[in-house]
Participant: 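Quick one: the structure is below, questions incoming.
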There are 2 protein chains.
Amino acid sequence: MTKAALRTFDEAGLLDTAARLFRQKGFAATTLREIAQAAGVLPGSIHYRYPAKEALLVALMDRAIERAIAAVQTAAAQTSDPTERVRLGLRAHLQLLLSGDDGVYVLLYDWRSLAGRAREEIVRLRDRYEAFWDGMLYEAAGAGRLRPGVDLKLVRLFGFGAVNWVATWYSPGGGRTPEQIADVFWSYMALGLLPDEQRRDPAPAKLSVLEAPSPSSKEGK
Amino acid sequence: MTKAALRTFDEAGLLDTAARLFRQKGFAATTLREIAQAAGVLPGSIHYRYPAKEALLVALMDRAIERAIAAVQTAAAQTSDPTERVRLGLRAHLQLLLSGDDGVYVLLYDWRSLAGRAREEIVRLRDRYEAFWDGMLYEAAGAGRLRPGVDLKLVRLFGFGAVNWVATWYSPGGGRTPEQIADVFWSYMALGLLPDEQRRDPAPAKLSVLEAPSPSSKEGK
DNA sequence: CAGTGTCTTGGTCAGATGACCAAGGCAGCA
DNA sequence: TGCTGCCTTGGTCATCTGACCAAGACACTG
């Protein structure tokens with residue numbers, strides 16, 4: 001019954017609608033009029049809150065990344081075992097991504113549509129999320145739960161890629177739940193794909209060189 | 001000295017330019033006039049060859065996927081060892097993706113811009129590429145080079161995700177070559193991230209259930 | 001050297017788009 | 001009950017976009 005609750009304007013619904021359309025057709029191909037009509041408001045009302053279409057996208061991404069951080073933090077807090085924390089975090093990330101929350105999808109795949117200051121702001125938020133994951137991986141590595149020599153940043157990028165890509169092919173009726181996919185992917189990452197008797201076959205020297213930490217592990221923009 | 005070589009119009013260059021702009025700004029946000037100007041031709045000349053902007057995108061994706069298939073096939077043909085074929089294919093895929101050939105990037109990340117028949121055509125081509133990979137993985141599994149119980153389709157989706165995602169963060173001066181990244185990722189996938197003494201820790205029953213083949217492994221739409 | 005068919009030129013056109021606003025409505029407060 | 005300020009309404013407007021074309025230039029042929 002607060003003041004905000006009495007407002008007739010459904011701001012969250014507007015963002016949801018915008019996210020759905022942006023995901024379906026892309027940011028540039030979606031018009032403000034379409035969003036307004038689908039959300040049941042007039043274009044002018046959108047403009048009153050968001051001076052430009054870009055601001056709508058930023059607000060939507062902002063909300064999505066806050067949700068992601070909250071979801072993963074909550075999930076990881078359920079245990080203190082470093083390995084298990086990573087597994088639960090992975091689950092939470094994938095659950096959110098596949099939950100029908102189009103905002104996360106848009107965040108991942110439409111950030112090219114942003115330029116200048118808006119892009120910087122989103123990148124800064126994303127960095128926070130990534131730093132959180134790096135922390136979890138660092139703890140796992142420190143507790144001896146990761147093979148020595150693995151590059152934590154590359155591990156994170158590796159895992160993010162595998163998991164984020166799921167959004168491009170997953171369909172709810174596909175016979176696997178998001179949790180199952182997360183756990184299968186977790187097992188692939190944790191145990192590898194080679195059977196036990198093959199693990200020592202590849203020349204160890206070769207691999208150890210390739211896995212040495214890079215001199216400058218600076219990531220791309 | 002063939003007829004084609006004498007033509008002044010640089011069709012490949014036009015597609016290159018279009019791919020670069022589509023990658024930078026997205027398909028919908030790029031205008032035909034921009035492409036024409038950047039390629040050094042007039043908008044009318046583009047329209048003569050491609051009746052609609054969408055046709056340009058299709059042609060560009062078509063070329064990209066043919067290149068990808070050719071690159072991976074050539075790389076994999078260098079050996080008959082199933083495991084090594086996969087590793088070399090992975091390298092070739094990543095090399096092409098990071099080589100500056102924006103067409104492959106556009107193919108991966110801009111196919112939402114297509115609708116109807118055009119989308120179906122690209123999906124059909126993409127399926128061919130994926131089937132090729134499935135074949136390589138099947139051979140590796142048959143030769144006992146993969147842990148029993150792994151779902152080959154999920155393995156492919158897992159690997160594609162990790163590798164394709166690299167295009168979103170890679171920068172040429174980042175201290176790692178595409179080949180190094182491919183090999184590191186390969187080692188993560190093959191050997192897993194857990195150290196040897198931890199591999200048997202997680203409850204085996206739990207994991208084996210999760211890795212059971214899905215009853216209906218139908219992929220997304 | 002004239003003929004022929006392909007390709008380019010430079011511009012037009014209808015339609016759509018993002019941005020914007022003046023005026024009015026309406027809920028909550030005094 | 002009257003007031004006040006936030007929010008919505010239903011447009012307008014300049015600009016840009018993809019599509020399109022008639023006329024002409026060009027390279028090659030016979």
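Throughout, a chain's letter reflects where its sequence line sits, starting with A, and its residues are numbered from 1. Only this structure's heavy atoms are used, side chains among them; waters, hydrogens and symmetry mates stay out.
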Participant: Between A/Y50 (OH) and C/dC21 (C1'), how many Å, whole number?
Facilitator: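 In whole Å, C/dC21 C1' and A/Y50 OH are 20 Å from each other.
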Participant: Any salt bridge linking A/D151 with B/R176? Criterion: basic side-chain nitrogen under 4.0 Å from a carboxylate oxygen.
Facilitator: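 B/R176 and A/D151: salt-bridged.
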Participant: Any idea which of D/dG18, D/dT8, C/dT8 is nearest the A/R49 side chain?
Facilitator: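 Nearest to the side-chain atoms of A/R49, counting from C-beta on, is D/dT8.
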Participant: Starting at atom CG of B/L56, determine the distance to atom P of D/dA19, rounded to an integer number of angstrom.
Facilitator: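 Rounded to the whole Å, the gap is 10 Å.
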Participant: Does the pair B/E130/B/R126 count as a salt bridge with the N-to-O cut at 4.0 Å?
Facilitator: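 Result for this pair is yes, salt bridge flagged.
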Participant: So, is A/H47 near the phosphate of C/dA19, with a side-chain N or O under 4.0 Å from OP1 or OP2?
Facilitator: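 For A/H47, the contact criterion (side-chain N or O under 4.0 Å from OP1 or OP2 of C/dA19) is not met.
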Participant: Roughly how many Å is it from CD in B/E54 to P in D/dG18, rounded to a whole number?
Facilitator: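 Value for this atom pair: 13 Å.
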Participant: Check each of A/L15, A/L114, A/L125 against A/M61 using the side-chain contact (heavy atoms from CB on, under 4.5 Å) test, and report the only one that passes.
Facilitator: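 Single side-chain contact (heavy atoms from CB on, under 4.5 Å) partner of A/M61 among A/L15, A/L114, A/L125: A/L114.
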Participant: Report, one pair per line, the protein and nucleotides 9-15 of chain D atoms (nitrogen or oxygen only) whose separation is under 3.5 Å.
Facilitator:
none

Participant: What's the closest nucleotide to the side chain of A/K53 if the choices are C/dT8, D/dC7, C/dA19?
Facilitator: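 For A/K53, the side-chain atoms sit closest to C/dA19.
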Participant: Measuring from atom CG of B/L107 to atom CG of B/D62, what distance do you get when rounded to the nearest 0.5 angstrom?
Facilitator: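 One finds 9.5 Å between CG of B/L107 and CG of B/D62.
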Participant: Check each of B/W169, B/W186, B/F185 against A/F158 using the ring-ring contact (aromatic ring centres under 6.0 Å, His included) test, and report the only one that passes.
Facilitator: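 Of all the options given, the one that passes is B/F185.
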Participant: Taking atom CD as the centre, does B/E121 end up with more than 12 heavy-atom neighbours from other residues, nucleotides or ligands that are less than 6.0 angstrom away?
Facilitator: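 More than 12 heavy atoms, drawn from other residues, nucleotides or ligands, come within 6.0 Å of this atom.
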